[in-house]
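In listed order, ligands and their atoms are each counted from 1.
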Amino acid sequence: MKKLLRIDLTKKQFRYDEMPPIYANLGGRGLTSKIISEEVPANTYALGPENKLVFAAGILAGTSAPNNGRLSVGAKSPLTNGIKEANAGGSVAQKLARLGIQAVVLEGVSKTLSMIKITKDEVTFIENETFRAMGNYEVIERLKATHGDHAAIISIGPAGESCLKASSVAVTSPDFQIRMASRGGLGAVMGSKNVKAVVIDDTGTKDVEVVNPLKLKEAAFALSKGILANPLIEGLKQFGTPILVNMINAVGCLPTKNYSMGQFESAEMISGETMIAAMANRPNSKAVHRCMAGCVIGCSNVYTDEKGGEIVSGLEFETLGLLGSNCMINDLDDIARINRLCNDLGLDTMDIGAAVAVAMESGLLAWGDGKAAYALIEEAGKGTDRGMMIGNGCLATGLKLGVKRIPQVKGQSLAAYDPRVLKGTGVTYSTSPMGADHTCGNALPSPANPDYNPTASTGQAPVSAFLQWYFAAIDSLGICLFAALPPLDMPDLMKHLIDCAVSVTGEAANDTYLVKLGTSVLECEKKFNEKAGFTTKDDRLPEFFLTETLPPSGLIFDVSEAEIDSTLKFND
Ligand code: SF4
């Protein structure tokens with residue numbers, strides 16, 4: 001039976017609770033959002049003591065289901081002022097599941113900079129001021145040396161400690177690479193609680209208990225086999241997510257020069273194909289890397305310099321789009337080094353990329369100047385005015401510099417897909433309770449759905465709604481998004497996915513399982529945001545997407561407000 005571990009940081013106390021009925025059979029985003037909506041006042045200050053920070057393992061965490069180890073981090077967001085979940089791969093969720101913990105809830109505020117260690121037998125509070133202002137790489141190195149290879153680590157960098165609104169939460173992979181729960185400034189919530197790191201050690205634990213192990217084994221095997229047979233996955237296995245650079249550029253929606261163009265003339269220089277070719281000649285580079293045990297795809301990478309010194313793992317599409325084309329930076333090494341800097345400081349590469357482009361538009365630095373971008377972001381770790389500005393994300397940067405074209409919704413920057421071409425994605429950016437977030441429902445064209453026209457100005461709301469509930473359910477299962485794409489094209493795989501989930505929870509198998517799960521998550525998130533003061537006026541893209549045509553397609557975002565407002569409708 002899974003438990004909730006509640007940690008009172010003010011009193012330095014903890015307790016294990018049985019899962020109350022309202023949280024039963026939930027995990028991942030479904031559980032973080034339910035806990036936040038039930039236990040955090042919607043109008044509270046996100047960096048105040050009433051906010052809670054939740055780390056939740058997905059429903060499938062630690063089982064034989066493929067790609068099952070996403071960790072959901074949830075709180076009220078200081079960036080959007082709404083409910084927030086961001087998730088990352090790594091080892092933490094699977095270790096929590098083996099410890100019998102569905103979620104850890106951090107409550108109150110620690111008086112001193114603290115770390116928490118969770119093992120099978122105890123929860124320990126460790127005060128250590130020497131870690132103050134330390135970057136994530138050194139924190140992880142030191143904690144690994146102290147606590148050993150069985151540990152998995154959650155940590156924040158200096159940006160989180162300074163409560164910068166674009167700060168992220170770092171999570172370690174099995175080989176102690178950094179994965180980021182990047183979005184929404186959740187690192188700042190951890191910093192506001194004075195928690196530098198959480199160490200999770202599952203030594204001495206047994207396999208995760210599930211209700212129907214035989215059924216799970218069969219369904220997990222069939223699901224893994226089906227994922228690997230999907231043609232989409234082959235490209236991801238070879239090139240990782242950077243394969244999207246050339247594809248999205250060809251479609252004409254790769255954000256370029258602060259979303260003023262949809263194609264980048266130097267896209268090839270930052271493409272997955274170029275990256276993999278460069279890595280082939282670089283010692284210690286890895287074109288395939290798995291961010292978690294049980295991943296059947298391996299879309300991640302380890303990117304090194306010419307001498308074989310590691311720069312970053314993994315260099316991903318969103319970073320290449322937001323810090324690359326969107327800033328007109330065409331040097332892969334420059335982007336990789338900025339990525340490492342963001343990882344070390346604990347910053348979201350996406351919001352920071354959008355912020356740098358906004359700063360470039362203001363004239364603060366030159367388009368394409370990767371070295372100047374690095375120097376500006378570095379200031380976020382030094383607490384200068386410019387550093388605080390950029391570290392608070394693209395909206396704060398745009399407001400401070402007087403830039404009118406700020407690509408954000410609800411305070412969070414858009415992802416690396418221009419919504420004037422991908423209009424279903426634009427509806428998701430507009431209406432997701434998370435703010436602009438592609439992982440909540442990215443409406444890409446697909447050979448499996450040839451009738452879908454992503455550029456049509458009507459018919460986008462149902463597509464976005466379908467994807468939003470589907471991925472809310474996926475985030476609750478704790479499955480990696482890429483493993484969740486093949487079931488969209490292959491009905492048999494959808495059945496296997498549902499069978500995996502109900503084998504764990506013991507619920508009856510039902511075709512509507514994922515719909516019900518996903519819609520219940522969205523409903524609870526939307527209600528929280530409404531209580532926090534959000535209205536349909538907040539479900540809008542910035543004006544310039546509606547008025548400026550995007551070269552080369554000449555498209556604008558022209559989905560009507562009535563259609564946008566019809567996207568997420570729930571019965572009271
Ligand atoms: S496919 Fe990529 S993101 Fe997903 S689990 Fe594997 S390495 Fe991690």
**OP:** Would you mind running through ligand 1 and noting each atom that sits below 4.0 Å from a heavy atom of Met292?
**Re:** 5 (S)
Original post:
For ligand 1, is there an atom lying under 4.0 Å from some heavy atom of His289?
Top reply: yes
Subject >> Heavy atom of the protein closest to atom 6 (Fe) of ligand 1 (residue, atom name, distance) >> reply: Cys295 SG, 2.3 Å
**OP:** Specify the protein heavy atom at minimum distance from atom 2 (Fe) of ligand 1: its residue, its atom name, and the distance to 0.1 Å.
**Re:** Cys299 SG, 2.4 Å
Original post:
When you measure from the centre of the six-membered ring of Phe176, is the NZ or CZ of Lys144 under 6.0 Å away and within 45° of the axis?
Top reply: yes
**OP:** Would you please classify the geometry between the Phe466 ring and the Tyr470 ring as parallel, tilted or perpendicular, with 30° and 60° separating the classes?
**Re:** parallel
Original post:
Of all the atoms in Cys291, is at least one N, O or S atom closer to atom 8 (Fe) of ligand 1 than 2.8 Å?
Top reply: yes
**OP:** Please step through ring-ring contact (aromatic ring centres under 6.0 Å, His included) for the pair Phe317 and Tyr417, ending with a clear verdict.
**Re:** CA-CA 10 Å; Phe317 167 68; Tyr417 312 86; 5.3 Å; yes
Original post:
Under 4.0 Å from ligand 1, counting heavy atoms only, is it the side chain of Cys480, its backbone, both or neither?
Top reply: side chain
Subject >> Contact atoms of ligand 1, heavy-atom distance to Asn67 under 4.0 Å >> reply: 1 (S), 4 (Fe), 5 (S), 6 (Fe)
Original post:
Do Lys95 and Asp201 meet the salt-bridge criterion of a basic N to acidic O distance under 4.0 Å?
Top reply: no
Original post:
Looking at Tyr137, is Arg340 sitting on its ring face, NZ or CZ under 6.0 Å from the six-membered ring centre and within 45 degrees of the normal?
Top reply: yes
Subject >> Shortest non-hydrogen separation from Cys394 to Pro407 and the atoms involved >> reply: SG-O, 4.0 Å
